[in-house]
Amino acid sequence: ENMTDASKLVHLLPQTNQVIALHTIIRDKHTKRADFIFYSDRLIRLLIEEGLGALPFKEKQVETPCGIYHGAEFAANLCGVSIIRAGESMEAGLRQVCQNIRIGKILIQRDEETAEPKLYYSKLPHDIAKRNVLLLDPMLATGGSAIKAIDVLIEKGCPAENIVFLNLFASPEGIHAMKKAHPAVKIVTTA
């Protein structure tokens, strides 16, 4: 396995003083619930903005009052997919950044007999194969749920390279499992 290639597809949010301060607040066991939610939401919005930057863009020219502006636009329609339940905590941040975005849902739980991740429910946009997907789950621990969710998206025709997995916390074990199972999926994380 070539870890240099894999590391290009794992992007750590720049560890600015702001990001470190937000992590300090949400990791402090004395932080009040309302503050935890407020500062987690701020971190989620920063993560989503960074994730949007990992998507493909194409050139676009627009006419301004001062002439032509050479800009950019997303190369394809977007959608979010949250891994129920924790991923739903990231939906509001996504909607604040991307108005009217379609959001699908996937529920994965461990099978009690096999301890393997099992798909229990999915509701996805019918045209998901043509969209770039921001997959939402705040925690990448072992990678089992994320891998299963990506399997579902690929089965629905979504190319792996069109998926960006956004999470607040990623363990080395989870990153390794994800890169082994789905090397083309980009991971964007804050820690």
Side-chain angles (χ1 to χ4, degrees), residues 1-3 5-15 19-31 33 35-51 54 80-94 103-124 133-156 158 160-191:
E1 170 181 22
N2 185 341
M3 287 309 288
D5 291 341
S7 66
K8 290 178 186 172
L9 296 173
V10 178
H11 179 72
L12 177 65
L13 206 69
Q15 297 298 292
V19 169
I20 293 167
L22 292 171
H23 270 282
T24 302
I25 293 167
I26 67 174
R27 292 173 186 230
D28 184 342
K29 70 178 185 177
H30 300 292
T31 297
R33 183 179 187 278
D35 288 337
F36 176 85
I37 292 168
F38 177 82
Y39 292 106
S40 293
D41 286 345
R42 280 190 59 201
L43 194 56
I44 287 167
R45 281 192 300 277
L46 291 172
L47 174 65
I48 289 167
E49 293 286 4
E50 197 77 17
V81 174
S82 61
I83 299 176
I84 300 172
R85 294 180 7 183
E88 292 173 311
S89 66
M90 300 171 74
E91 289 178 11
L94 180 58
I103 296 182
K105 296 183 182 284
I106 295 176
L107 174 61
I108 294 163
Q109 294 181 334
R110 296 231 176 259
D111 184 293
E112 291 183 22
E113 294 177 14
T114 66
E116 293 296 315
K118 181 178 176 186
L119 174 67
Y120 280 87
Y121 173 82
S122 73
K123 178 126 174 91
L124 303 168
V133 177
L134 295 174
L135 182 62
L136 311 173
D137 195 358
M139 184 71 177
L140 173 58
T142 64
S145 294
I147 290 167
K148 185 66 176 172
I150 293 165
D151 290 344
V152 171
L153 293 171
I154 290 171
E155 287 168 15
K156 297 289 184 181
C158 188
E161 55 274 4
N162 290 6
I163 302 168
V164 178
F165 179 49
L166 303 179
N167 58 82
L168 294 174
F169 303 98
S171 73
E173 174 189 359
I175 290 171
H176 182 76
M178 283 274 303
K179 291 293 119 194
K180 187 174 180 186
H182 297 293
V185 172
K186 295 179 203 86
I187 299 171
V188 180
T189 186
T190 69

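Keep in mind the model is a prediction, meaning the values are calculated, not measured.
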Nearest heavy-atom neighbours spanning [X] and [Y]:
X	Y	value
Asn167	Asp137	CB-O, 2.9 Å
Ile48	Gly93	CD1-C, 3.4 Å
His11	Glu50	NE2-OE2, 2.7 Å
Ala191	His23	CB-CE1, 3.5 Å
Ile147	His182	O-NE2, 3.5 Å
Ala146	Met178	CB-SD, 3.6 Å

Under-4.0 Å salt bridge between Lys118 and Glu113: no

Is it true that Lys148 and Glu116 make a salt bridge, defined as a side-chain N closer than 4.0 Å to a carboxylate O? no

Steps toward side-chain contact (heavy atoms from CB on, under 4.5 Å) verdict (Leu153, Leu124): CA-CA 9 Å; Leu153 293 171; Leu124 303 168; 4.1 Å; yes

Interatomic distance, [X] atom [atom1] to [Y] atom [atom2] [nearest 0.5 angstrom]:
X	Y	atom1	atom2	result
Gln15	Thr190	CD	OG1	7.0 Å
Ile84	Ile106	CD1	CD1	8.5 Å
Met90	Leu43	CE	CG	9.0 Å
Tyr39	Ile26	OH	CD1	12.0 Å
Leu47	Thr189	CG	OG1	7.0 Å
Arg33	Phe38	CZ	CZ	15.0 Å

Using the rule given for side-chain contact (heavy atoms from CB on, under 4.5 Å), can you reason through Glu173 versus Thr142, listing the C-alpha separation, both sets of side-chain angles and the distance that settles it, and then say yes or no? CA-CA 6 Å; Glu173 174 189 359; Thr142 64; 3.9 Å; yes

Does any part of the side chain of [Y], heavy atoms only, come nearer than 4.5 Å to the side chain of [X], both counted from C-beta?
X	Y	answer
Arg45	Asp41	yes
Leu9	Val185	no
Leu46	Leu22	yes
Pro138	Ser89	yes

Is it the case that more than 12 heavy atoms not belonging to Arg110 sit under 6.0 Å from its CZ atom? yes

Taking NZ in Lys156 as the centre, count heavy atoms belonging to other residues, nucleotides or ligands within less than 6.0 Å. Is the count above 12?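 Check fails, neighbour count at 12 or below.
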
Backbone N or O of Lys105 within a donor-acceptor pair of the Ser82 side chain at under 3.5 Å? no

Sub-3.5 Å donor-acceptor pair from the side chain of Thr31 to the main-chain atoms of Ile25, do we have one?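 Flag set: sc Thr31 to bb Ile25 pair under 3.5 Å.
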
